[in-house]
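Here the structure comes first, spelled out in structure tokens, and everything after it is commentary.
Index from 1, following the sequence.
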Amino acid sequence: MMEKHTKIPKLARKIFLSMDATLQTFTREEFEALGGFNVYEDLMKKVCHREIDGENKATALATADRKSDPADFKEDFRKEYSGCEINVSDSKKYRKFLQFKQAYLDGAGPSTTSEEMTVTETVQTVDPFTKKPLQNPVRNKTCNHVYDRDCLKNIIKLNNRVRCPYVGCSNKSRLRMEDVEEDDVLKMQMMRNQNEDSD
């Protein structure tokens, strides 16, 4: 059962990439005619629902397993699992989807302000360690800074006491791979910028 749920992050990433490719291919009007964000939002809700449900089942199994009487396992599991709620809006993936949607809606028209354009222009695309373009951006969950995943992994192997290299960063913890997550939104923005540059 758990193997099935390890595919969910990859599926969520594919939804993001598919949505971004669609947004780059079609005009906003064509995109809306195809169902717009509603299609992708429904997919993302289903993926997040499945993920939360899997986590709830795993928690219910672990709790039922700790009970002393094996004869009551099935009933204990049923009680634990039936008490679980699924609120998709609690999902980090769903919130990330909503942020991406909002960023697109805010910047996808003539109403883009100069302030928003400045923010767009300062999207970080260089790894702070190597000063080379990011290939696989990961974001630190603590301080929100971005690094290249492969570079960070190598740096940590060489020095497991390394800290965030950004000047003035308040995060004093040593960097660990468990503390970073893939930044799909940044990756899509970088891809979009590359496509615009090649046009």
Side-chain angles (χ1 to χ4, degrees), residues 8-28 30-31 36-37 40-41 43-44 47-48 91-199:
I8 287 178
K10 288 181 183 174
L11 185 57
R13 196 168 302 124
K14 285 179 182 178
I15 291 170
F16 269 112
L17 294 173
S18 169
M19 179 174 56
D20 191 57
T22 305
L23 288 168
Q24 289 182 49
T25 306
F26 297 100
T27 66
R28 188 168 179 174
E30 291 169 330
F31 179 67
F37 282 104
Y40 292 102
E41 191 161 354
L43 273 173
M44 191 59 81
V47 166
C48 294
S91 166
K92 189 183 280 188
K93 288 177 183 65
Y94 184 65
R95 289 196 305 269
K96 193 186 273 189
F97 172 85
L98 292 179
Q99 287 172 347
F100 177 82
K101 175 183 172 183
Q102 193 59 51
Y104 174 78
L105 293 174
D106 287 347
S111 62
T112 305
T113 65
S114 59
E115 185 181 355
E116 288 170 328
M117 289 173 75
T118 304
V119 170
T120 306
E121 287 167 6
T122 58
V123 168
Q124 184 191 341
T125 58
V126 175
D127 176 70
F129 293 105
T130 61
K131 307 299 182 208
K132 292 180 180 175
L134 292 169
Q135 300 299 314
N136 296 300
V138 290
R139 189 170 294 276
N140 192 315
K141 297 177 203 171
T142 307
C143 61
N144 217 28
H145 287 130
V146 178
Y147 325 100
D148 184 80
R149 184 189 64 220
D150 297 332
C151 175
L152 181 62
K153 199 181 280 187
N154 290 333
I155 294 279
I156 291 171
K157 277 182 189 174
L158 291 171
N159 178 3
N160 66 0
R161 296 179 153 277
V162 70
R163 294 197 166 119
C164 182
Y166 286 89
V167 177
C169 180
S170 60
N171 179 13
K172 301 303 177 199
S173 304
R174 63 186 178 88
L175 292 173
R176 301 176 315 155
M177 292 308 292
E178 306 90 76
D179 296 331
V180 297
E181 62 185 352
E182 301 258 349
D183 193 330
D184 297 321
V185 175
L186 177 58
K187 196 167 191 175
M188 286 186 289
Q189 286 173 329
M190 288 164 52
M191 286 167 55
R192 191 177 297 123
N193 290 346
Q194 283 176 343
N195 289 343
E196 287 171 5
D197 291 343
S198 63
D199 287 346

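Using cut-offs of 30° and 60° on the angle between ring planes, the pair F100 and F37 is perpendicular.
Under the salt bridge (Lys or Arg N to Asp or Glu O under 4.0 Å) criterion, D183 pairs with R139, not counting sequence neighbours. When the side-chain contact (heavy atoms from CB on, under 4.5 Å) test is applied to R95, the partners found at least two apart in sequence or on another chain are K92. N136 meets the side-chain contact (heavy atoms from CB on, under 4.5 Å) test with D148, R149, D150, K187; sequence neighbours excluded. Judged as a side-chain contact (heavy atoms from CB on, under 4.5 Å), and not counting sequence neighbours, S170 has no contacts. Residues passing the salt bridge (Lys or Arg N to Asp or Glu O under 4.0 Å) test with K96: none are found, sequence neighbours excluded. Applying the salt bridge (Lys or Arg N to Asp or Glu O under 4.0 Å) test to D127 and every residue at least two apart in sequence or in another chain returns nothing.
The minimum heavy-atom distance linking I15 with M44 is given by the pair CG2-CE, 3.9 Å. Summarising the geometry of L186 relative to V146, their closest heavy-atom pair is CD2-CG1, 3.6 Å, with the distance given to 0.1 Å. Scanning all heavy atoms of the two residues, the minimum distance from C48 to K93 falls at SG-CB, 3.8 Å.
Between the CZ atom in R174 and the CG atom in N159 there is a gap of 10.0 Å [rounded to 0.5 Å]. Rounding to the nearest 0.5 angstrom, the gap separating the NZ atom in K157 from the CG atom in L152 is 11.5 Å.
Between N171 and R163, the closest side-chain pair of non-hydrogen atoms is not below 4.5 Å. Taking the side chain as every heavy atom from C-beta outward, V162 and F129 approach each other to under 4.5 Å. Using a 4.5 Å heavy-atom threshold, the side chains of L98 and E41 count as touching. With contacts defined as side-chain heavy-atom distances shorter than 4.5 Å, the pair H145/P128 does not qualify.
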Please test I155 against Y147 for side-chain contact (heavy atoms from CB on, under 4.5 Å), starting from the C-alpha separation and ending with a verdict. CA-CA 11 Å; I155 294 279; Y147 325 100; over 6 Å; no

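Within 6.0 Å of NZ in K141 there are more than 12 heavy atoms belonging to other residues, nucleotides or ligands.
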